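Contents: one structure, followed by commentary.
Lettering of chains follows the sequences in order, A, B, ..., and the numbering in each one begins at 1. The structure displayed is predicted, hence computed values, not measured ones.
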Amino acid sequence: MSDSDPFDLGSIPEEETARSLSAQASAAVRPPYLTGLNDNQREAVEAMNGPVLVLAGAGTGKTRVLTTRLAHVLATRNAWPSQILAVTFTNKAAREMQNRIGMLVGGVVEGMPWLGTFHSIGAKILRRHAELVGLRSDFTILDMDDQNRLLKQLIRADGIDEKRWPARQLASYIDGWKNRGLTPDKVPAGDAEHYGNGKGATLYAAYQARLKILNAADFGDLLLECLRLFQENPTVLADYQERFKYMLVDEYQDTNVAQYLWLRLLAQKHKNICCVGDDDQSIYGWRGAEVDNILRFEKDFPGAKVVRLEQNYRSTPHILGAAAGLITANESRLGKTLWTDLNEGEKVTLRGLWDGEEEARVISEDIEQLQRKGHLLREIAILVRASFQMREFEDRFINLGLPYRVVGGPRFYERMEVRDANAYLRLVAQADDDLAFERIVNKPKRGLGDKALQTLHQLARAQGISLMRAARLVVDTEELRQPARRNLKAFVEMVDRWRALVPGMGHIELAETILDESGYTEMWQNDRSADAPGRLDNLKEVVRSMDHFENLAGYLEHISLVMEIEQNDTIDKVNLMTLHSSKGLEFDTVFLPGWEEGLFPHQRSLDESGISGLEEERRLAYVGITRAKKNARISFASNRRIHNLWQSSIPSRFVDELPKDHVEVIQGDTSFGNYAEFGQSRFDHEFTQSNYGGPGWQRAQANARAGAMKTRPPNIEAHAELIATSDPAASSYEAGERVFHQKFGYGLVAEIDGNKLTVEFEHSGRKKVIDTFVERHD
DNA sequence: CTGGAGGATCTTTTT
DNA sequence: GATCCTCCAG
């Protein structure tokens, strides 16, 4: 952070606040919710005033501490529910906290309006003060797909070669900047160069401007714009600072810079901020998370009390030992020693196999054996590094008829048909939602292809209006050919009709009506492809899921913020998921396949982030092992088919880092597996002094050098203003003027109706056109 | 304007 | 192997 950092408010002085009388009184009695906590947990709960950092190792009762702490604040009457800000990363975590507090405090938690994810709370605050950041309170929240399409338009408008500079890349840069709390004007010059020969920052600015016109915010904006709101409006900030007497942050190790700045601003007044996290479980660096936030906590919040939770209630000593041994190889960590008083249990097993297929087969056999012994399938999980690894397991499970569930997986909301359905609903809720309009205007086919859309775009851009408004104008003219015009008119009228239904009709019935009348359902019914029935099911599911909400707006807010759809999981199934999505979960038995160099640690992590990438991968391994309560089974294959190409692989360096005492090597009968040397690592020979000498690390170093050489001096070019501001109300043309029209040629203006002109064209006859599409020709 | 064929490019993780 | 994209023929 530079000196000019607008958020740098200096350090927070320590403040001695007397504990309230009621707090002291209740401490003396020791309320029921405090019983059963260990000393450290209780310390974390009762340290109410001033900043507190709770370093909660895996399985140490973190959620319990969090919820109990909230209950404690409430029970001691130190704050009302509405005065507590409690933020989590996932909706699941928020939900769980809500439920558990409900159980502790007894009953309704409706009164916790500020418990939620960073993004949902950011959205809530932004909606209250939208006008201060150039939005309306009903702004749309864009997802990544919308974002990409929007960027594509901007990139094209700027004449940049899309092949060379993909929109996704720009999206990820913008995302990165937003994560770091950087508005377009603050993007460091060096950063902007990476995209489009220095056009990165200008495009970012254009994108932000476009978002404002669309009355939309992307994910990053929910935080960044909130920050800007606070920064530019001290009274608004002061109001929230005053309001939040207590702040609670879950998974603090996953916060990014923007979130950190946001929290720090809000904590200025009362300074009762309690952050809970585990630096050893920080696995979202690629998404902008700064482990540094947690490592630096005591400096950021002087006088902070740090509580370590080290008693693990989940895993056996062997599992903890293996995980602990592994994680000590990391250099940047605060350091904790987990211990448990559980019985020793079984060692972590290690198995080398021939290829991925054998790995899937052997693991399936293990699972069937466990099943025969009476283990529940839902207590078994397979945690993979990358989702492509799932396929082999799925194939095998389907073959065996073994019930399984993919956790996380391709998300419901991301499916094309679901997004289409939602686009219809968005358009009805908000006619100016251009991205929704574009998405479904020709779905099902209405004969409104590229050309029609281009005309609309041109008009919309020239007049600074939305596509829907442009469509309304165009249908009264002859800019489009007859069939297209008639279809567009029908479309506009259809949307208007639905819109008129909104006040009277329930949103569920409305959704059904829309999907039916639009012909969207029919489109899939007529589709003979294999996945059509599934898509129809998903559409039904969309409608069904709407009854959790009071109205359309509530539903739309939900789907844009909540990625997953709740599925009832009563059936006993094996869990299959990535290591990332396993965080926070626990299972009796955990399978950890694919521990091979290049896959885990993943080559790309090493290439892109060097040491810190490797350390993050190692934390991922740590997270994986510590998910296991009784059994952890690691495996690696000597051959793996990646991309339809066979590659031979060597065991992961993490295998070598596992402490021998806690690991049992299983020699398979069929298997090959060249891991007899386990314990005397090849890395010992090659790189004696450091963990960071591996091939990946060297490549990363080389890449870093190459990257530095690639940088060029900034080459900022003026960016054409995309949106002209003209007054759509009145036309500057007068009757009798001679004009030129791209399609119809020369003519004389006969009549004027607002910005619609009736022109007598020399060759094409009398036509109604929009003034934007003609030019004066004296 | 649509639909199909063929080509390129990828597959780390996601609120 | 899949998906996304572009191009070309109807």
Side-chain angles (χ1 to χ4, degrees), chain A residues 87-94 116-123 141-145 147-149 152 162-164 166-169 171-172 175 178-179 218-223 250-251 254-256 258-259 282-289 383-392 395 407-411 413-416 442-454 480-481 483-484 487 527 529 531 558-564 577-583 594 598-609 613 616-617 619-621 623-624 640-645:
Chain A
V87 278
T88 62
F89 269 86
T90 64
N91 299 291
K92 206 169 119 201
T117 62
F118 275 102
H119 292 94
S120 68
I121 288 174
I141 299 169
L142 300 187
D143 59 27
M144 265 166 355
D145 192 65
Q147 200 181 342
N148 258 322
R149 286 189 300 155
K152 241 175 226 173
E162 268 179 272
K163 289 269 159 57
R164 205 162 144 225
R168 296 184 52 129
Q169 198 187 343
S172 84
D175 230 44
K178 289 187 175 177
N179 284 338
D218 66 16
F219 255 83
D221 280 345
L222 296 181
L223 283 157
D250 191 16
E251 307 277 17
D254 288 338
T255 51
N256 59 35
Q259 286 157 341
S282 163
I283 54 175
Y284 286 108
W286 51 274
R287 212 172 65 190
L383 310 181
V384 297
R385 175 63 184 87
S387 44
F388 76 85
Q389 292 171 266
M390 290 185 188
R391 167 171 271 124
E392 271 163 333
D395 286 350
V407 180
R411 262 162 269 158
Y413 87 107
E414 276 178 345
R415 290 165 204 259
M416 187 221 301
N442 202 29
K443 244 182 195 187
K445 300 261 181 287
R446 298 188 177 91
L448 298 164
D450 268 358
K451 224 176 118 221
L453 206 56
Q454 232 177 338
L480 291 179
R481 289 183 193 287
N487 293 335
D527 191 307
S529 61
D531 47 359
H558 176 84
I559 54 145
S560 49
L561 288 170
V562 178
M563 303 308 188
E564 84 269 47
M577 70 190 88
T578 62
L579 285 159
H580 281 90
S581 40
S582 76
K583 193 164 70 152
L599 177 58
F600 192 37
H602 200 281
Q603 193 58 52
R604 224 168 120 173
S605 277
L606 302 176
D607 288 349
E608 283 170 8
S609 317
E616 182 155 313
E617 294 285 304
R619 291 192 290 266
L620 204 45
V623 167
R640 196 168 286 278
R641 191 168 52 185
I642 293 174
H643 214 205
N644 228 15
L645 284 175

Task: Whole angstrom value for the distance that separates C1' of B/dT12 from CG of A/L606 - done: 12 Å
TODO: Counting heavy atoms from C-beta on, name the nucleotide in C/dA2, B/dT15, B/dT12 closest to the side chain of A/S387.
DONE: B/dT12
Open item on the list: If I take atom CG in residue A/N148 and atom C1' in nucleotide C/dT3, what distance separates them, rounded to the nearest angstrom?
Closed with: 14 Å
Open item on the list: Whole angstroms only, please: what is the CG-C1' distance between A/L579 and B/dT13?
Closed with: 9 Å
Open item on the list: Testing the basics here: between A/R385 and A/S605, what is the closest heavy-atom pair and its distance to 0.1 Å?
Closed with: NH2-OG, 4.0 Å
Open item on the list: So for A/H602 and B/dT12, does any side-chain atom that can act as donor or acceptor lie under 3.5 Å from a complementary atom in the base?
Closed with: no
TODO: Determine: side-chain N/O of A/K152 to OP1/OP2 of C/dC5, distance under 4.0 Å, yes or no.
DONE: yes
- [ ] Could you check which of B/dT13, B/dT12, C/dA2 has an atom nearest any side-chain atom of A/R385?
- [x] B/dT12
Open item on the list: Reading DNA chain B from 5' onward, which residue's closest nucleotide shows up sooner: A/H119 or A/A386?
Closed with: A/A386
Task: Residue pair A/L383 / A/M577, side-chain heavy-atom distance below 4.5 Å - done: yes
Open item on the list: I want to check something: taking the side chain as every heavy atom from C-beta on, are A/N256 and A/R287 in contact at a cut-off of under 4.5 Å?
Closed with: no
TODO: Could you tell me the separation between the CZ atom of A/F388 and the P atom of B/dC10, rounded to a whole number of Å?
DONE: 16 Å
- [ ] Could you tell me whether A/S120 contacts a base, only the sugar-phosphate backbone, or nothing, with contacts defined as non-hydrogen atoms closer than 4.0 Å?
- [x] nothing
TODO: Spell out, as yes or no, whether a donor-acceptor pair under 3.5 Å connects the side chain of A/Q259 to the backbone of A/F118.
DONE: no
- [ ] Apply ring pair (Phe, Tyr, Trp, His ring centres under 6.0 Å) to A/Y284 and list each qualifying residue two or more places apart in sequence or on a separate chain.
- [x] A/W286, A/H580
Task: Protein-nucleotide distance (A/F600, atom CZ; B/dT12, atom C1'), rounded to Å - done: 11 Å
Task: Heavy-atom donor-acceptor pair, A/W286 side-chain to B/dT12 base, under 3.5 Å - done: no
Task: Selected nucleotide, minimal atom distance to A/H580 side chain, candidates C/dA2, B/dT15, B/dT13 - done: B/dT13
Open item on the list: Ignoring hydrogens, what is the shortest heavy-atom contact between A/G624 and A/L579? Give both atom names and the distance.
Closed with: CA-CD2, 3.6 Å
Check nucleotides 1-3 of chain B for protein N or O atoms closer than 3.5 Å to its own N or O atoms and list the pairs.
| residue | atom | partner | partner atom | Å |
| --- | --- | --- | --- | --- |
| B/dC1 | OP1 | A/G449 | N | 3.1 |
| B/dT2 | OP1 | A/G447 | N | 3.4 |

Task: Atom-to-atom span, CG of A/D254 to P of B/dT15 - whole angstrom - done: 11 Å
Task: Integer-rounded Å distance: B/dT15 P and A/K583 NZ - done: 11 Å
Open item on the list: Going by ring pair (Phe, Tyr, Trp, His ring centres under 6.0 Å), name the residues that satisfy it together with A/H602, two or more places apart in sequence or in a different chain.
Closed with: none
- [ ] Consider the side chain of A/S605, meaning its heavy atoms from C-beta on, and name the nucleotide among B/dT14, C/dA2, B/dT12 that approaches it most closely.
- [x] B/dT12
Task: Nucleotide B/dT13, atom P - distance to CG of A/D175 in whole Å - done: 16 Å
